[in-house]
Amino acid sequence: QGVEALSARMDFAPWGVQAAMHLAQVKGWFKDVGLDVDVQDGRGSANTLQLVNAGQVDVGQVQLGLVPQARMKSATVRSFAGFARATDLAAVVDRDSDYKTVADLKGKSIVCFAASPWAPFIDYWLAQGGLDRSTVELLLVDPAALWSTYTTRRADAILSTGPSIIPPAEAVRPSRGILASDAGVNFPSYGLIASDETIEKRGDALKALVASQQKAWAYLRDGNAGEGAEAMIQQRPTIKLTKEVLTRQIELTIETFETPATAGKPIGWQADADWNAALASMEKANAIPSGLTLSDIFTNDFIG
Amino acid sequence: MLDQVKDSYIRVSGVDKRYGGSDASLVLQDINLDIRKGEFVSILGPSGCGKSTLLKCIAGLEDVSNGSVTTRGLMVDGPPEGLGMVFQRDMLLDWRTILENVLFTVELQGKASAEMRARASAQLARFGLGGYENRRPWELSGGMRQRASICRALLTDPDILLMDEPFGALDAMTRDDLNVEVARISHETHKTIVFITHSISEAVFLSDRVVILDRHPGRIVEILDIDLPRPRQLSARETPKFGHYSSHIRQVFTKLGIFKNA
Amino acid sequence: MLDQVKDSYIRVSGVDKRYGGSDASLVLQDINLDIRKGEFVSILGPSGCGKSTLLKCIAGLEDVSNGSVTTRGLMVDGPPEGLGMVFQRDMLLDWRTILENVLFTVELQGKASAEMRARASAQLARFGLGGYENRRPWELSGGMRQRASICRALLTDPDILLMDEPFGALDAMTRDDLNVEVARISHETHKTIVFITHSISEAVFLSDRVVILDRHPGRIVEILDIDLPRPRQLSARETPKFGHYSSHIRQVFTKLGIFKNA
Amino acid sequence: MRSKPSITTRFLPGLITLVSAVVLWEICVRLFQISPILLPSPSTVWVEFWKMPSFFLYNAGVTLVVTLAGFFLAAVFGILLAVVIVSSKTLERPVFSALVALNSVPKVALAPLFVVWMGIGPEPKIAIAVMLAIFAIVIDTVLGLRSVDPDMINLARVGRASAWQILTKVRLPCALPSIFAGLKVAISLALIGAIIGEFVGSSSGLGFAILTAQGQFDTPGLFVSLALLIAMGSLLFNLMEGIERLSIPWHTSVRSH
Amino acid sequence: MRSKPSITTRFLPGLITLVSAVVLWEICVRLFQISPILLPSPSTVWVEFWKMPSFFLYNAGVTLVVTLAGFFLAAVFGILLAVVIVSSKTLERPVFSALVALNSVPKVALAPLFVVWMGIGPEPKIAIAVMLAIFAIVIDTVLGLRSVDPDMINLARVGRASAWQILTKVRLPCALPSIFAGLKVAISLALIGAIIGEFVGSSSGLGFAILTAQGQFDTPGLFVSLALLIAMGSLLFNLMEGIERLSIPWHTSVRSH
Ligand SMILES: Nc1ncnc2c1ncn2[C@@H]1O[C@H](COP(=O)(O)OP(=O)(O)OP(=O)(O)O)[C@@H](O)[C@H]1O
Ligand SMILES: Nc1ncnc2c1ncn2[C@@H]1O[C@H](COP(=O)(O)OP(=O)(O)OP(=O)(O)O)[C@@H](O)[C@H]1O
Ligand SMILES: Cc1ncc(C[n+]2csc(CCO)c2C)c(N)n1
Ligand SMILES: [Mg+2]
Ligand SMILES: [Mg+2]
């Protein structure tokens, strides 16, 4: 029995959410399940989703909330595992500021990038605090400029994900997040996607991949986040990764793993209830029309 | 008609020429000229009368607006075979050495060889440019450039040779020498030569016939047969007959009132 | 020495000239020449002997390798004031009409005016280019271009006029007319004129002195005073004295063995 | 010897190419049933445009303004720098080195710095457009200024032309054909620069529209913006060519064409 | 009348500029205590480079290969297209229109689609480099080919030169100065193209190094890559200039310079 090659593309440059992949690589857990996985860095969730859809890579690890939108635009990808099942989208602000809700950001400057998963929800989200684009200063910049805009205090808030931003910000601008879900934006976070075709034809490989990831995430959850960070540093020697930051990112990511609807279910298992709530908020935000079927968006067939 | 065509090596019949659209003024009007094989014909005329234009029409470089040009009985609609031309400007190519410039046409015709190089060098030496083979055009004086361009035209040994004021930039003595050289070439190789010049004595010395043009529009006013024995020596210029021809041409020009009331 | 400098309007003393590095061969060797105000000096010499180079040195366009040039007692290290020059090539600017080309130098000197335009037009007409004011250079024949460039040099009414084969592309009759015109200008306006030509008779006809150069390297072999009465008519060319000067120059050249054994 | 082509004969072949390319594309997409998220058909793009024509046209207008501002500044400073380079032996190498260095840095990589330094107003966009466009102008203008026949300079020197006159009355007119080549390249680059600038930080313009479309898998929307860019780019280029024809009718490249 | 400058006098001024710019930068950063995350000092960048010299050099090598491949293809196809444009009245407008259209599309916007279509190998990067570089070459070559003195063509025609010979023996040599101007612009654009390509999808090259550095907020690392890009860009440009000098010693722009 030979090993099967599989390419898996991440969302962005290496950060904590990708730890399970690198850990499985280092621990040999891919080999254990008969896989030879090529873990690639990405250029944004949207871009990775496009590549999966075009067949350029087999599997993507992306913000799953993008799948319904993509599906509407005739993409043929589905999620086959959802790890971070709660929303991690957040408005990140100074830790000791007194911003608590959307409404508190009135008159403040908020930075985001145009291709962000946040983009379609911004107006809806602002509206929950009685705001709109005329009552806040919305700066849309390149993803690369996002960070420097926030850390040089050109913006009061950054629309991003809590787990990715808060740990590295600790050193330069200690921050905390105001979760998007507080304002009714329920957006499923990181998980794995593949094209309908791959799902149909390479089920065994996907199943094996999910198994290895479940094992890795469980291991990380059980107090071994630091090892995940080390695995990443080992796998990406030329990139200046900081163990503390990665560890914290892993921990924060794991905090988004549980929703009431998935309590007690295996890691990666997705609940109809969560997705229905997600679709409802997307419909309200006019990000998608109504009428999507859940089976077009995700499957639990590969969760062992 | 057909006989005439056969008889004439170059035949210009009823040629009109305008530059630009049909509204442009006539540059050449009703030019008729038959040149036999081996003949030496000079074209004399005031500046701007259309000599260069006529030569370009014969070479197939300019379309005629009316009438036709044939060489060797064939209609000219592009440069015919076996034709060499010296342009009024020297047209040396800056990216080639002088020797390479002289070899240019030969090269185009795929006839470049070590022997040709030797012939080109010899040609250059004969024209007083020995030692300048590897110089670039911009390192030469005006007259030297002109001589190099004559060498280029001669090297292919063309059957028909069109020369547009080839000796304009040369001093009197060099010019005399080259006159003798051209007369020799014409006599020995039976090339058909059409030669534009501003020098009346040069025209008489070299030609079998001298075509005199007037301008506005350019048209033939007289074709003068030069009945001097060949081969001619420079001393022929001192003969009364020569003087007669020269002063006749001078008279024609004076009658035309060239220049003063242009 | 100082007196001499004061006396001579243009003074070339001990000039050597090489192009390129110091290893390049000499083009001009030990040229000494004093030209008085109002004098007409022609330079005769075989093609490539360095006539144009000498003129450029006088104009301050080329640095001399040795020796010095002064005009009006001042060292030349760039073109001096009140100097006009006709280049061997016509150097018309393609982006200007003929009239604008003629006005070019005047414009540079801030002297363009409606009156100047009228004078330029008149000048053009006198040179047989009436009606071509608004044409572009490429629409003119070689001789017409040359005449336009002479008009340009004359229009500023320069005190010193340097002319490099200005009539090389002109027919005999036009040339005669312009010879008369230049002689008139020289006589009436007392311009100091240095004139390069290939025509011995032109040199004799126009000049107070004729400088004869030899080549390899270019050097003065004789300076001939032309002692003919002024103003001169074209008929002066038929006088015995004229013939004497001409044949003397011819002899000098023959003795130098110009061309044949170059 | 060729007669002057009329406006129709000048633009007809281009138009025919365009139309046939569009038709071919439509056929291919329909034949191979390519998903619109990968490559939408022209008709889809057309329909998409008409869903929000004013949105697209407004953003195109924003980009056009930035492009023209960037191009204009690049032309002025580019020609100025070229003049400096050609005029001054001392400044030549430093200016050139700085320019080459500047040009080797991908503007996209500088995005964070731009936003930090200049915010997200029109300034950084214009700056990027200028930086992208200026190089071609400088290189071509320098070539043009240096290709003048030395005897033409001599002619002006004999007329005691000042350095300024030699520049304006000889060198620059002589260099015009080259300068126009530079400007034609630059106008396209200014457009690209404007888009890159909008990528870096903007909430309007076609660059912004493209990014938004990309983030939402709206490939038809993306293509509407691209089509508008193509239209704008072609228009600007042809405009430059027209200006060239009017400005240098005397040059061989225009005369013989 | 100027004497030929030696290698030292040619490059010394550029070097001095560079060194003084670097020194000034170092002083500013130290004086104003600018955070290295915004703008690192040259010394920080230097130290950063020596932490992983082989990493940076390897990635620079990868980018260099893509750049050269892109440049080479752009040169070949650019000159070819220019020849087609100049030679064929029928193909002229279609080819030109297509080229202008292609050039108006910002490659940064197209890059993601390229990766989607071509994958993440070197192909899309080379394609982007080619597309960015080719336009300047075409425009400048067309100008050069069209600027030939008509009588030079006549000279060749009298020698009964074939169309091919007129092209290779008259038009192309005449056009060389213009072509080199295009190539000098193109080599810089090819480098930028390679980087843009690497931004979108790559796991090596300086574009990749820049992106990962950005992702980690590793500004010093970003600047090492930028410095290497500047070095590479300057080197390639000066190389092109050297080749130009060797190839067209006869042209006024080289002779008088
Ligand atoms: N390309 C052109 N476009 C328009 N008119 C032209 C063109 N070439 C020549 N002409 C006109 O045609 C006439 C004849 O020119 P051509 O060059 O044939 O004269 P030419 O007899 O050779 O004169 P020259 O002895 O001065 O060389 C002139 O009036 C000139 O203005
Ligand atoms: N730019 C240059 N570089 C090198 N050598 C040159 C240059 N210009 C002229 N020469 C050389 O200098 C010599 C004299 O040239 P010049 O042009 O002064 O001759 P000329 O007497 O005017 O000849 P012509 O009557 O043919 O015009 C020639 O041998 C020529 O090769
Ligand atoms: C929606 C969304 N927006 C921004 C980021 C930002 N981000 C992605 S990777 C990275 C580097 C962290 O070390 C950062 C800041 C994200 N992940 N998701
Ligand atoms: Mg002529
Ligand atoms: Mg001369």
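The side-chain contact (heavy atoms from CB on, under 4.5 Å) test with B:P166 singles out one residue from B:V182, B:V86, B:T197, and that residue is B:V86.
B:F167 and B:F195 have their aromatic ring centers within a separation under 6.0 angstrom.
Comparing E:Q165, E:R160, E:M152 by how many heavy-atom pairs each has under 4.5 Å with chain B, the most go to E:R160. Put simply, of E:C174, E:P150, E:A161, the one with the most heavy-atom pairs under 4.5 Å next to chain B is E:C174. Contacts with chain E were tallied for B:G60, B:G78, B:G84, B:P80; B:P80 has the most, counting heavy-atom pairs under 4.5 Å.
Formation of a donor-acceptor pair under 3.5 Å by the E:R171 side chain with backbone atoms of E:L145 is found in this model.
Both the sub-6.0 Å distance and the 45° axial angle are satisfied by B:K17 relative to the ring of B:Y19.
The contact between B:L92 and chain E is made entirely by backbone atoms, counting heavy-atom distances below 4.5 Å.
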